[in-house]
Amino acid sequence: MVEYPEEQYTEMMERFWRMGILGGLISDDSTPEEFFGFTVQDILCVHHRLAGVSAGTWFRLRDGRVIDWCARPAPPNLGLYGVVVN
């Protein structure tokens, strides 16, 4: 496992937040934290594979929730995720 510094989590959140703005999921006067519903400090690790979905990005939070790159809840079962990077 590789531990990401907070700056890399921030960059990920900002990149996907900008994609959310372009996709009409949220307004451009929002923040990444408003889009996702969590802060960088809440992230435990990032998954890059989910069974049945293949590649993507899922944020596993310290409270047990998992949120995908579009800010949608995802299954929390750790066994469904193939790669963990924290």
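By convention here, the first residue in the shown sequence is residue 1. What you are looking at is a predicted structure, and each value in this text was computed from that prediction instead of being measured.
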Mind checking whether [X] and [Y] have side chains closer than 4.5 Å, heavy atoms only?
| X | Y | answer |
| --- | --- | --- |
| Asp68 | Thr57 | no |
| Trp69 | Arg15 | no |
| Arg60 | Ile43 | no |
| Asp42 | Arg65 | no |

How many angstroms lie between [atom1] in [X] and [atom2] in [Y], if you round to the nearest 0.5 Å?
| X | Y | atom1 | atom2 | answer |
| --- | --- | --- | --- | --- |
| Glu14 | Glu7 | CD | CD | 11.0 Å |
| Cys45 | Tyr81 | SG | OH | 10.0 Å |
| Leu61 | Leu44 | CG | CG | 8.5 Å |

Taking all heavy atoms of Gly64 and all of Pro76, pick out the closest pair and write down the distance.
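Residues Gly64 and Pro76, closest heavy atoms: O-CB, 3.5 Å.
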
Of all the heavy-atom pairs spanning Arg62 and Gln41, show the shortest one and how long it is.
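Where Arg62 meets Gln41 most closely, the heavy atoms are NE-O, 3.0 Å.
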
By the definition side-chain contact (heavy atoms from CB on, under 4.5 Å), identify the one residue from Ile67, Leu80, Val53 that meets it with Trp58.
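So the option named by the test is Val53.
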
I'd like to know whether Val46 forms a side-chain contact (heavy atoms from CB on, under 4.5 Å) with Gln8, so could you lay out the CA-CA distance, the side-chain angles of the two residues, the decisive distance to 0.1 Å, and finally the verdict.
CA-CA 11 Å; Val46 172; Gln8 286 184 307; over 6 Å; no

Mutual orientation of the aromatic rings belonging to Phe36 and Phe59 [parallel < 30°, tilted 30-60°, perpendicular > 60°]
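Perpendicular.
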
Could I get the full list of salt bridge (Lys or Arg N to Asp or Glu O under 4.0 Å) partners for Asp28, not counting sequence neighbours?
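Asp28 satisfies salt bridge (Lys or Arg N to Asp or Glu O under 4.0 Å) with no other residue.
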
Pairs under 3.5 angstrom only: tabulate donor-acceptor contacts from the side chains of residues 17-27 to other protein residues two or more places apart or in another chain.
residue, atom, partner, partner atom, Å
Trp17, NE1, Ser30, OG, 2.9
Ser27, OG, Asp29, OD1, 2.3

